[in-house]
Amino acid sequence: MAEVKDMDFYQIEKKWQERWEKKKIFQVSESSKKKKYYVLEQFPYPSGSGLHVGHSFIYTVGDIYARFKRMQGFNVLYPMGFDSFGLPAENAAIQAQSHPKKFTEEAIRNFKSQMKTFGYSYDWNRMIETHKPDFYKWDQWIFLKMFEKGLAYRKKSPVNWCPKCNTVLANEQVQNGKCWRHEETTVEIKQLEQWFFRTTSYADELYSNLEKLEWPEFIKTAQRNWIGKSHGTEIIFEIETERRPNFILLHGYTSSPKENFFPWLKKELEKRGYTVQVPVLPNTNNPDVSEQVDFVLKNCKFDEQTVLLGHSLGSVIALKVLEKVKKPIRKLVLAAGFSEPKFLDKKRSFEKTFDWKFDFEKIKKNVSKIKILRATNDSAAPQERAETLQQHFGGEILDFTAENNHISGKEEHVVLQQCLETFPIFTTRPDTIFGVTFMVISAQHPQLMDFITEKQKTVAQKFLKKITSTKQEDMDKLGKEGVFTGSYARNPLNGEKVPIYASNFVIADYGSGMIMAVPAHDPRDFEFAKKYDIPIKPVLLKKSDESYSYVMGINEEDIKKIGITIIEKTKSGFFKIKIPPDKLEDYKAFIRKNMKAGFWNEFTTKKGFYFIFKHKDGKIEEMELNEKTNDIIDKYGMIFNGEIPKNNPENVYSWLAKNDFYKELLIHPGPGILINSEDFNGLDTEEAKEHITIYLVEKKLGRKAVNYKLKDWLISRQRFWGTPIPIVYCDKCGIVSVSEKDLPVKLPEDIKFNSTKNPLVNYKPFIEISCPKCKSLARQETDTMDTFVNSSWYFLRYCDPKNDKKIFDTKKTDYWMPIDIYIGGKEHATMHDIYFRFYTKFLRDIGLLKFDEPAVKLFNQGFILGENNEKMSKSKGNVVLLNEAAKKYGVDPTRLFLVSNASPESDKAWSNAGVEGSVKFIKKIIDYFAHFKSGKTSKRAESKMHKYTKEITAYISNFRYDLAVIRLRELFDILNEETISTKDAGIYLKLLHPFCPHVSEELWEKLGNKGFISLESWPEADETKIDQTIEKQDEAVNQVVNDVMNILKIMREKQEKEGEQIYLYALPNEVSFYNSERISIKIGKKVSVFAVNDKNKFDPEQKSGKTKPGKPGIYIV
RNA sequence: GCAGAGGUAGCGAAGUGGUCAAACGCGCAAGACUCAAGAUCUUGUGGCUUAGUGCCUUCGGAGGUUCGAAUCCUCCUCUCUGCACCA
């Protein structure tokens, strides 16, 4: 066998790589006998600069696992491919005036050959390149499926634009307002019409399934934050804008304005100060429709703010009226409405005399806002009539349960709501609803203008201009700014009218884009209220066992006597005190007795404030502060201060909150006890959330709601080098999808790249296409898809990479999927790691997959940093290229180093000295096998082999490669101390193999084995072979060696002559622990072991007297 | 601001209630080999002390729980990562 110095890493790497490839040992196919295991690494973008050690680290982590699982007997699918669409190749093409395909394919060749030199055990037969039409065809196919299901859609919205990439970006690709590829480039907001995937329709499942995934907790947390699920309540607020509506209510057949909900509705509307006209229609029991219509037109006044409501037959009258009104009206509300005789009882007279023909075009012209109210409990008319109406003139169908059949209850709240202008808001804190003092609509809200009144227009526009002209990065510095819109909202719980502001601090596309602001219990609202001097109304008393009071008119000494501590004495002579709960009654009595006349004292209790007044005449009045006592107390306060009570007393709680001592109890964002909240007083936050929501649901003013931060995925890119979107724009047919048989829509190859813009836009052979529907000339969409679509399903294509009939054979995906272990970077936490889950769920829902999640286990490897501990980058000059490292140190040492000095998930610096350490170790192994002499495996070696096999197996399973390598080193030291058989030497090589595949193959062969160690089975640890006494002996030997070394050191230091011969005196039952040979090897001196009771022992200095259990006496000469 | 991860010997990094002055590697030191250097091997690597002992000080800082803490709890501090006015 060769000496170490003759061992050429390069030679053996090449030799085995060639053999593996020739024998195709890593090619796999489905098998009914073997259990599958799918190991997958996130595939790379083939960049022009080639692989660096960071890349190879990911693949090494995966390869070790794949080799390990393969040896464990699994049918391991371990493929590799290239995510080959993307901007760098396109930019290179623009610079060179060439085609990105050229750069891409060169890079792929380079990547692939470098990967091969690293000996990864991929099944190259399954390689995927996403830029190839036979791959991206299926991207387009999936797009069509999503389009069919309404999950791919086009909309105009504010989008993120990177001026460097010259394209829009997904929400996920914007990091801190900068582009994910250009850390220096600020993303701009543009209003564009773009394609989206409806990821939000899976928000709930994407969120809830996280629980089941064996993924690193931090990734799951990141996804949870990103999806941002929050539970709350949607509350409907009435809105009063400058455009004040007036109402005309038309009753139905055999009815009158005195029946059903009409009287109630009229009262409610008038209460709000609106004009209401409720004509009594003639001949209601035997109506002539045209007569009634004429009656309405003659007797009612219509204008552009008119809201027309028709109930039952009244809705038919309303429609007819709308054919004839001169000017368009504001809104039409149809309650139990119909338009065709087929839904009617044929016996009634009016249906025979009426012509039943409507001019729907005219109606549409006269009203644009139409609400069709359909009660699900309406037995008087079939449900489908709502759809019939909608087909005729559009409008919005609202399903609800009416108080009574045919919407004939006394108080039909939904009818009222639909007559009024309402706006829903989302809140997680319905418990604070009584504290609402204003509303805020997002300054970016599409409906904002509806709220701004004539009077406020100038200020509002000035403000909006400021907001839009502020750059994204300056926004944070800007703080919360806003302006009053001029409109108001009405609190559905107490009817209070509050102003609506517009502001930059509310997000337009979260919830409804408007919030209820509770400054007392939300710091953001507080900040805003302070700035614009809006009232702050506390409604939650912070829980506190102690009672707080701010007391005057009593002696300091007297307070102390009853055991109450004074927190602070103010300059004006007040005492801030906290009263323990058990002292409260004493305190009350004390106040009654000791407070000077003409004073009053308030203090908090667990439920709210309590007041004790002492009038000048000594009369004492006491009361608890609640809604009813609110006014009284305010007046009392005034009188005591010698002031004249105001007509509109200030809310006492707000007044109390101005006191900085009470403030901490009244102004806070946490939970508490409800005060100032009418019937809900006394409930705690959690109870109140529940009760208030129930109340709102009953009144049809709200519902439980869940909201997500997640937004739909913007997939359009204004770039060339991506998958073309299979959509055609036709002047006649609108947006038309390309038919399946015409896929793929291919990227042209004979196209010139000479500007930074997408060249497809002006490339006639591509854009000029006939409409798939009407065959007339249409225009092909020139945007391409975000390259993340490719990686969203590539793992499925690996299962059946060459299928040209289908996206994949489901039999194959059923066998291989899901991915058992997915290895990749943590930077994908909220990008790829969400997208591929979304795709999986979609493909499952169209029947292609039988599982919910693509990857059961996810492993995130750390980054490899440069030697200086900084991220590798060309500009820092610390990039370590893979091929150079392999050439210099050999592949196996490089692999071994990458996984050995830290657990694979932590970041670590590349270190040349570190790799050299690995080289040293491997050379030692090679040297050992070069001089290997087979023998019978010693007991100790056998025990250790099993012990270490067990540990190494467990460590590799858990990706603790670093600890596995340490065990390999330790086991190697034992090999050196013991004799072992050829078979056991082979076992060591097997344990080494996943880390050092080439060297282990070579040594395996040199050991006389036939075949590949790659295909050998993983050694099994037999725990019964682990000998505990050997462990004890080892411990004893180590201990004694330590002691001897220590003595020798001391002898040396004392300049004594260092001893050459060592005598040990052990207890008789321990003599066997001290193997003189092993100790001798370790110390490098002669060793004799005696039992203490051995009469023939050599012990001139009586050191045997020092012998203790576990500690032999030592004598050194 | 919120959330997550983390701070261990000169460095990287194990260790998550006693077996810990703390694996393993790198670095450093001494010794062996060599004419010498490198490579290799051996030993050492918190301090004091000692023929193998004993003691003290250490695991970001300060407290606490415990017979016992790097390890559990509380507060503080610093670093990294993610989200960023999400109502």
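These numbers come from a predicted model, not from an experiment. Residue numbering restarts at 1 for every chain, and letters A, B, ... go by the order of the sequence lines.
- The separation of B/rA23 from B/rG15, taken at their C1' atoms, amounts to 8 Å, rounded to a whole angstrom.
- The side chain of A/K920 approaches B/rC26 more closely than any other nucleotide in the set B/rA84, B/rA51, B/rC26.
- Checked against a 6.0 Å centroid threshold, the rings of A/Y955 and A/Y961 do not count as neighbours.
- Taking the six-membered ring for Trp, A/F423 and A/F237 have ring centres at least 6.0 Å apart.
- With rounding to whole Å, A/Q173 atom CD is found 17 Å from B/rC83 atom C1'.
- Applying the 4.0 Å criterion to OP1 and OP2 of B/rA51, one finds that A/Y1115 has every side-chain N and O outside that range.
- The phosphate of B/rG82 (OP1 or OP2) has no side-chain N or O of A/T221 nearer than 4.0 angstrom.
- For residues 430-447 of chain A, the pairs satisfying salt bridge (charged side-chain N to carboxylate O under 4.0 Å, His left out) are A/R429-A/D431, with sequence neighbours left out.
- Side-chain N/O atoms of A/R960 include one lying less than 4.0 angstrom from OP1 or OP2 on B/rG15.
- A side-chain donor from one of A/D712 and A/T200 sits under 3.5 Å from a side-chain acceptor of the other.
- Between A/T830 and the phosphate of B/rG82, there is no side-chain N or O to OP1/OP2 separation shorter than 4.0 Å.
- Between A/D907 atom CG and B/rG82 atom P there is a gap of 11 Å when expressed in whole angstrom units.
- Taking atom CZ on A/F972 and atom P on B/rG25, their separation rounds to 12 Å, with Å as the unit.
- Atom CZ in A/F921 sits roughly 19 Å away from atom P in B/rA39 (whole-Å rounding).
- B/rU57 sits 23 Å from B/rC72 when the P atoms are compared, rounded to a whole Å.
- Going from atom CD1 of A/I1083 over to atom P of B/rG31 covers 21 Å, rounded to whole Å.
- Side-chain atoms of A/Q1061 and A/S1088 include a donor-acceptor pair closer than 3.5 Å.
- Using Watson-Crick or G-U wobble geometry with both donor-acceptor distances under 3.5 Å, B/rU74 finds its partner in B/rA62.
- The gap from the P atom of B/rG31 to that of B/rC20 amounts to 32 Å, rounded to the nearest Å.
- Rounding to whole angstrom units, CD of residue A/Q1039 and C1' of B/rU19 are separated by 12 Å.
- Atom name P, nucleotides B/rG10 and B/rG6: the rounded distance is 23 Å, in whole Å.
- Taking atom CD on A/E481 and atom P on B/rC85, their separation rounds to 16 Å, with Å as the unit.
- The ring of A/Y889 has its center no closer than 6.0 angstrom to the ring center of A/F9.
- Take the nearest nucleotide of RNA chain B for A/D962 and for A/E217: the residue whose nucleotide is more 5' is A/E217.
- Put simply, CH2 on A/W910 is 15 Å from P on B/rC26, counting in whole angstrom units.
- Nearest-nucleotide mapping onto RNA chain B: of A/A222 and A/N901, the residue sitting toward the 5' end is A/N901.
- Between A/K1049 and the phosphate of B/rG31, there is no side-chain N or O to OP1/OP2 separation shorter than 4.0 Å.
- With a cut-off of 3.5 Å on both pairing distances, B/rC35 has no Watson-Crick or G-U wobble partner at all.
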